[in-house]
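Read the structure below first, then the notes.
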Amino acid sequence: MQSSPQSIEQLMQRAQHIAGLNLAQLAASADWPLPKDLRRDKGWVGQLIEHHLGAQAGSKPEQDFPELGVELKTIPINEQGQPLETTFVCVAPLLNIAGLNWANSNVKNKLSCVLWIPVEGRREIPLGQRRIGSPLLWQPTQQEEKLLQQDWEELMDRIALGEIEQITARHGQVLQLRPKAANGKALTSAIGNRGQQIQTRPRGFYLKKEFTSQILQSYFLV
DNA sequence: CGGTGATCATAA
DNA sequence: TTATGATCACCG
């Protein structure tokens, strides 16, 4: 696939069409080489799925399917269907955050509608043998959105107060803040504890595993 | 042995 | 450097 899906129905049909296939089959049909492992190709699975569903490759700060208002996320799971990793959402703004609120936040926008594609992710399974699972189109329930908003507001408050260096991944019930960069030497500007500008590692918002696990399980029951 | 903090590839 | 796509791997 290479053309953009023209409707959510078409997107879902494509996603359902690749469910059950393994990554070797998917790579072959796209004529992509299969890496030995993901150590140096951490985004490979996500990009392969994007390719098959017709997402336009690029580094746009918006949804994968802007016309459909849908964000695509592949998520590695174990045999119980539970997530093996947290889910990256977006980079956290650390400066000029005065006018930001939940309603206009990048987190809310990204998570307003997500197409989750579970993929077997246990390292014991050779990459090519890992299978694609059934897609699920998710929109946060009121309760889920409330949790996300609470965490987002608390984290952003602390960032605004210059407490970025005190925030760890343990903060937040469903959303956490962790480094997101090429390495520990990458720096960006943020607010220091006396209101001054400081340099710190870029941070990203991530969904905790327990939260995404509930999402996957709730759809499994349907 | 699970999570947190660190890291990898690539485009613009 | 910041954005996209995430998983790696060390430490408690």
Side-chain angles (χ1 to χ4, degrees), chain A residues 4 15 18 23 26-27 30 32-66 70-78 80 82-97 105-107 109-111 114-128 130 132-133 151 155 159 164-190 197-213 216:
Chain A
S4 300
I18 62 172
L23 295 178
L26 222 52
W32 282 24
L34 185 73
K36 289 186 185 124
D37 54 54
L38 298 178
R39 267 181 291 184
R40 294 194 170 275
D41 295 272
K42 297 182 179 180
W44 185 82
V45 176
Q47 288 156 359
L48 182 65
I49 302 292
E50 279 186 349
H51 176 81
H52 277 269
L53 298 185
Q56 300 304 313
S59 53
K60 303 180 293 292
E62 279 308 314
Q63 289 152 320
D64 296 290
F65 302 99
V70 175
E71 171 73 10
L72 176 65
K73 291 288 180 194
T74 60
I75 184 165
I77 57 167
N78 63 17
Q80 272 74 247
Q82 297 163 329
L84 295 169
E85 298 286 349
T86 57
T87 302
F88 174 70
V89 180
C90 61
V91 170
L94 303 181
L95 217 54
N96 305 128
I97 56 184
S105 70
N106 206 194
V107 173
N109 179 250
K110 285 274 177 106
L111 298 182
V114 178
L115 176 59
W116 297 98
I117 309 284
V119 180
E120 288 182 324
R122 289 177 53 242
R123 292 191 208 175
E124 288 78 2
I125 308 174
L127 185 60
R130 298 182 193 174
I132 311 297
D151 284 348
L155 291 166
I159 291 171
I164 181 68
E165 299 292 18
Q166 278 68 57
I167 300 174
T168 74
R170 274 143 283 195
H171 291 89
Q173 295 297 302
V174 298
L175 196 65
Q176 63 183 180
L177 197 70
R178 306 207 321 261
K180 163 68 174 173
N183 54 56
K185 291 162 191 145
L187 294 174
T188 192
S189 297
Q197 193 166 307
I198 62 171
Q199 293 297 109
T200 189
R201 292 164 304 150
R203 306 302 210 279
F205 287 110
Y206 295 80
L207 297 177
K208 293 191 174 186
K209 282 198 281 186
E210 187 174 308
F211 185 67
T212 49
S213 181
L216 299 183

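Order of the sequence lines fixes the chain letters, A, B, ..., with proteins taken first and strands second; residue numbering starts at 1 for each chain. In what follows, every heavy atom counts, from backbone to side chain, and hydrogens, waters and symmetry copies are set aside.
One atom, CD of A:Gln47, and another, P of B:dC8, lie 16 Å apart when rounded to the nearest Å. As rounded to whole Å, 13 Å separates atom C1' of C:dA6 from atom CG of A:Leu207. Atom NZ in A:Lys36 sits about 14 Å away from atom P in B:dA9, given to the nearest Å. Straight-line distance from the CZ atom of A:Arg203 to the P atom of C:dT1: 15 Å, rounded to whole Å. Nucleotide C:dG5 holds its C1' atom 9 Å from the CG atom of A:Asp64, rounded to whole Å. At whole-Å resolution of the value, NZ in A:Lys185 and P in C:dT1 are 12 Å apart. If you take CD1 of A:Ile167 and C1' of B:dG5, they are 15 Å apart, rounded to a whole angstrom. Distance, A:Gln199 CD to C:dT1 C1': 11 Å, rounded to whole Å.
At the heavy-atom level, A:Ala182 lies under 4.0 Å from base atoms of the strands shown. Nucleic acid contact class of A:Leu84 (heavy atoms, under 4.0 Å, all strands): none. Within 4.0 Å (heavy atoms only), A:Gln63 reaches no atom of the nucleic acid at all. Within the 4.0 angstrom heavy-atom criterion, no nucleotide atom of any strand lies near A:Ala186.
Legend: residues meeting side-chain contact (heavy atoms from CB on, under 4.5 Å) with A:Gln173, ordered by chain and number and at least two apart, are A:Asp151. Checked against side-chain hydrogen bond (donor to acceptor under 3.5 Å, both in side chains), A:Arg123 has no partners two or more places apart in sequence or in another chain. Remark: A:Ala30 engages A:Trp32, A:Leu48, A:His51, A:His52 in a side-chain contact (heavy atoms from CB on, under 4.5 Å) (not counting sequence neighbours). For A:Lys73, the salt bridge (charged side-chain N to carboxylate O under 4.0 Å, His left out) partners are A:Glu71, not counting sequence neighbours. Scanning for salt bridge (charged side-chain N to carboxylate O under 4.0 Å, His left out) contacts around A:Glu62 gives an empty result, with sequence neighbours left out.
Looking at A:Lys180, its side chain comes within 3.5 Å of the base of C:dT4 through a donor and an acceptor atom.
Comparing A:Pro202 and A:Glu71 by the nucleotide of DNA chain C whose heavy atom lies nearest to each, the residue mapping closer to the 5' end is A:Pro202.
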(Q) Show, in sequence, the C-alpha distance, side-chain angles and deciding distance for A:Ser189 and A:Gln199, and conclude whether the side-chain hydrogen bond (donor to acceptor under 3.5 Å, both in side chains) test is met. (A) CA-CA 5 Å; A:Ser189 297; A:Gln199 293 297 109; 2.9 Å; yes
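OP1 or OP2 of C:dT4 lies within a sub-4.0 Å distance of a side-chain N or O belonging to A:Lys110.
A:Leu111 has its side chain within reach of A:Val114: a pair of non-hydrogen atoms, C-beta onward, lies under 4.5 Å apart.
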Q: Sugar-phosphate atoms are those with a prime plus P, OP1 and OP2; base atoms are the rest. Using that split, label each nucleotide of nucleotides 7-12 of chain C B, S or - for protein heavy atoms under 4.0 Å, 5' to 3'.
A: BBB---
